[in-house]
Amino acid sequence: MIDPFGRHITYLRVSVTDRCDFRCIYCMAEDMTFLPKSEVLSLEELDRLCSTFVGLGVKKLRITGGEPLVRKGIMTLFEKLGRHLETGALEELTLTTNGSQLAVHARSLVDFGVRRINVSMDSLDPDRFKALTRIGDLGKVLGGIDAALEAGLKIKINAVALKGVNDHEFDDLIRWCGEHGCDLTLIETMPLGDISGDRTDQYLPLSVVRSDLEKRWTLTDSTHRTGGPARYTKVEETGQYLGFITPLTHNFCESCNRVRVTCTGTLYMCLGQEDAADLRAPLRASDSDEALVAAIHEAIARKPKGHDFIIDRRNKQPALSRHMSVTGG
Ligand code: SAM
Ligand code: SF4
């Protein structure tokens with residue numbers, strides 16, 4: 001799959017549920033209405049959809065959500081998708097999780113071929129973690145991370161940088177990641193979905209964060225890439241990578257190799273644009289993949305050049321109405 005700007009589409013992110021056991025303040029409103037089950041693709045349908053993309057050249061598959069590990073029976077999807085790793089058609093099967101259920105699933109993930117995962121953890125302070133996630137138990141997440149490391153998974157920690165919330169914790173996170181052999185990526189808040197709060201208050205440009213960190217840490221620019229949009233530096237004091245995802249201060253679209261599918265089978269060609277294609281109808285219409293493949297090709301031909309995120313103080317509406325938990329980040 002090659003889009004109109006010559007970019008090879010080799011990376012698919014699949015949101016397997018819109019549900020979550022947390023309500024992170026930057027991601028969801030406190031009161032969320034989740035989708036009825038009939039609208040959500042079954043695990044068999046998700047396998048068929050992912051496998052079709054693998055057949056079309058996708059080499060990296062990231063399972064996300066909502067919280068993917070709260071979806072009932074989700075390990076059967078990993079088990080099925082693992083077959084594409086064995087044939088070599090797929091190079092990487094991975095996961096983004098809040099870590100709450102990792103202690104239960106870490107070993108199975110390894111058994112089914114997962115080698116690296118991303119765990120979102122914005123704070124190392126139990127009270128702040130609770131306030132940020134509205135529900136989450138930091139102890140449980142740390143226990144999940146321990147289990148995952150013990151099972152042999154490589155972990156990258158994701159932390160959303162929030163002004164006045166966790167901006168004094170980045171040193172601690174860098175240190176903690178150094179001690180646990182984890183890489184760290186800091187993420188700027190993106191204006192996706194109504195969150196019952198004001199995002200302009202939370203927004204913290206990572207260019208500012210980096211300059212501040214450089215007063216205490218030696219950050220060497222690195223060519224390290226993980227197939228995603230992060231730009232990495234090496235923290236010389238810890239030996240781990242520190243990445244920055246800066247959708248608002250830096251445009252990463254020119255090298256974009258990915259598309260996203262929601263749990264209802266809607267294909268988004270860009271995280272920052274509304275244009276989408278329905279893949280559920282062709283998927284359910286026939287046992288043959290012909291119509292599905294045609295719909296995918298037609299959608300890739302419409303992949304836009306880039307996004308138009310902007311957090312504007314005069315316009316406090318989100319740039320896009322859908323939440324990050326729909327497309328999974
Ligand atoms: N529940 C899983 C988790 O938290 O890792 C997977 C889904 S979550 C939507 C994926 C990533 O998106 C998380 O790292 C989260 O911090 C990030 N995220 C959610 N809303 C965001 C926003 N408005 N701006 C930037 N990142 C966001
Ligand atoms: Fe749930 Fe992840 Fe969104 Fe937090 S960021 S509410 S854990 S989907």
Side-chain angles (χ1 to χ4, degrees), residues 13-32 34-35 62-71 74 94-102 105 116-123 129-138 140-141 144-145 148 155-163 165-166 173 182-206 226 228-230 243-249 252 258 260-263 268 271-272 307 309-311 317-329:
R13 295 187 171 215
V14 185
S15 174
V16 295
T17 178
D18 63 329
R19 289 164 198 257
C20 186
D21 51 348
F22 292 1
R23 295 285 182 281
C24 300
I25 53 167
Y26 49 79
C27 178
M28 291 194 181
E30 196 151 15
D31 263 340
M32 292 288 287
F34 294 113
L35 292 163
R62 179 176 296 279
I63 305 299
T64 176
E67 174 46 41
L69 297 185
V70 301
R71 171 112 194 220
I74 190 65
T94 184
L95 165 76
T96 300
T97 175
N98 66 22
S100 69
Q101 314 294 317
L102 255 183
H105 295 300
R116 302 189 300 169
I117 60 171
N118 290 356
V119 180
S120 305
M121 184 171 69
D122 305 320
S123 172
F129 187 84
K130 175 80 140 208
L132 262 163
T133 56
R134 295 196 182 104
I135 301 174
D137 174 353
L138 179 66
K140 218 169 154 193
V141 172
I145 291 175
I155 295 183
K156 181 163 78 68
I157 300 292
N158 281 345
V160 175
L162 298 161
K163 188 159 74 187
V165 180
N166 64 355
L173 279 165
C182 302
D183 294 331
L184 172 67
T185 299
L186 298 176
I187 308 174
E188 275 176 4
T189 48
M190 293 175 233
L192 294 180
D194 183 19
I195 51 160
S196 58
D198 181 359
R199 267 202 184 87
T200 52
D201 292 342
Q202 297 175 354
Y203 176 60
L204 176 62
L206 289 183
T226 54
F244 297 90
I245 299 189
T246 57
L248 302 177
T249 53
F252 51 54
R258 62 209 151 264
R260 296 170 167 83
V261 183
T262 70
C263 60
Y268 283 95
L271 178 63
H307 63 62
F309 286 141
I310 184 155
I311 289 187
Q317 296 304 311
L320 292 174
S321 59
R322 67 174 190 272
H323 288 94
M324 188 70 112
S325 51
V326 173
T327 39

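All ligand and atom numbering here is 1-based and tracks the order in the structure. When reading the values below, keep in mind they use all heavy atoms of this one structure, side chains included, and skip hydrogens, waters and symmetry mates.
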Do you know which two heavy atoms are closest between [X] and [Y], and how far apart they sit?
{"X": "Ile25", "Y": "Gln202", "answer": "CD1-NE2, 4.0 Å"}
{"X": "Cys20", "Y": "Asn98", "answer": "SG-ND2, 3.8 Å"}
{"X": "Asn166", "Y": "Val160", "answer": "ND2-O, 2.8 Å"}
{"X": "Ala161", "Y": "Thr189", "answer": "O-CG2, 4.1 Å"}
{"X": "Met28", "Y": "Phe22", "answer": "SD-O, 4.0 Å"}
{"X": "Pro68", "Y": "Gly66", "answer": "CD-O, 3.3 Å"}

Could you tell me whether the side chain of [X] and the main chain of [Y] form a donor-acceptor pair under 3.5 Å?
{"X": "Asp18", "Y": "Leu35", "result": "yes"}
{"X": "Arg260", "Y": "Arg13", "result": "no"}
{"X": "Glu188", "Y": "Leu206", "result": "yes"}

Which atoms of ligand 2 are found less than 4.0 Å from any heavy atom of Gly66?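 Under 4.0 Å from Gly66, ligand 2 has these atoms: 8 (S).
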Near Cys24, which atoms of ligand 2 are under 4.0 Å from a heavy atom of that residue?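 Those qualifying, in numeric order: 4 (Fe), 5 (S), 6 (S), 7 (S).
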Closest to atom 2 (C) of ligand 1 (judged by heavy-atom distance), picking from Arg19, Arg13, Glu67, Arg62: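 The option holding the nearest heavy atom is Glu67.
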Near [X], which atoms of ligand 1 are under 4.0 Å from a heavy atom of that residue?
{"X": "Gly65", "value": "7 (C), 9 (C)"}
{"X": "Asn158", "value": "14 (O)"}
{"X": "Thr64", "value": "6 (C), 7 (C)"}
{"X": "Thr189", "value": "24 (N), 25 (C)"}
{"X": "Cys27", "value": "19 (C), 20 (N)"}
{"X": "Val160", "value": "16 (O), 26 (N)"}

Does Ile63 form a side-chain contact (heavy atoms from CB on, under 4.5 Å) with Thr94? I'd like the steps, not just the answer. CA-CA 6 Å; Ile63 305 299; Thr94 184; over 6 Å; no
Are any of the N/O atoms in [X] less than 3.5 Å from those in ligand 1?
{"X": "Thr96", "answer": "no"}
{"X": "Ser120", "answer": "yes"}
{"X": "Thr97", "answer": "yes"}

Does ligand 1 have an atom under 4.0 Å from some heavy atom of Glu188?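 Checking ligand 1 against Glu188, which is what was asked, there is a heavy-atom contact under 4.0 Å.
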For ligand 1, is Gly66 a contact, meaning one of its heavy atoms is under 4.0 Å away?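 Gly66 counts as a contact of ligand 1 under the 4.0 Å cut-off.
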Indicate, as side chain, backbone, both or neither, the part of Cys27 found under 4.0 angstrom from ligand 2 when only non-hydrogen atoms are considered.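 The side chain, only.
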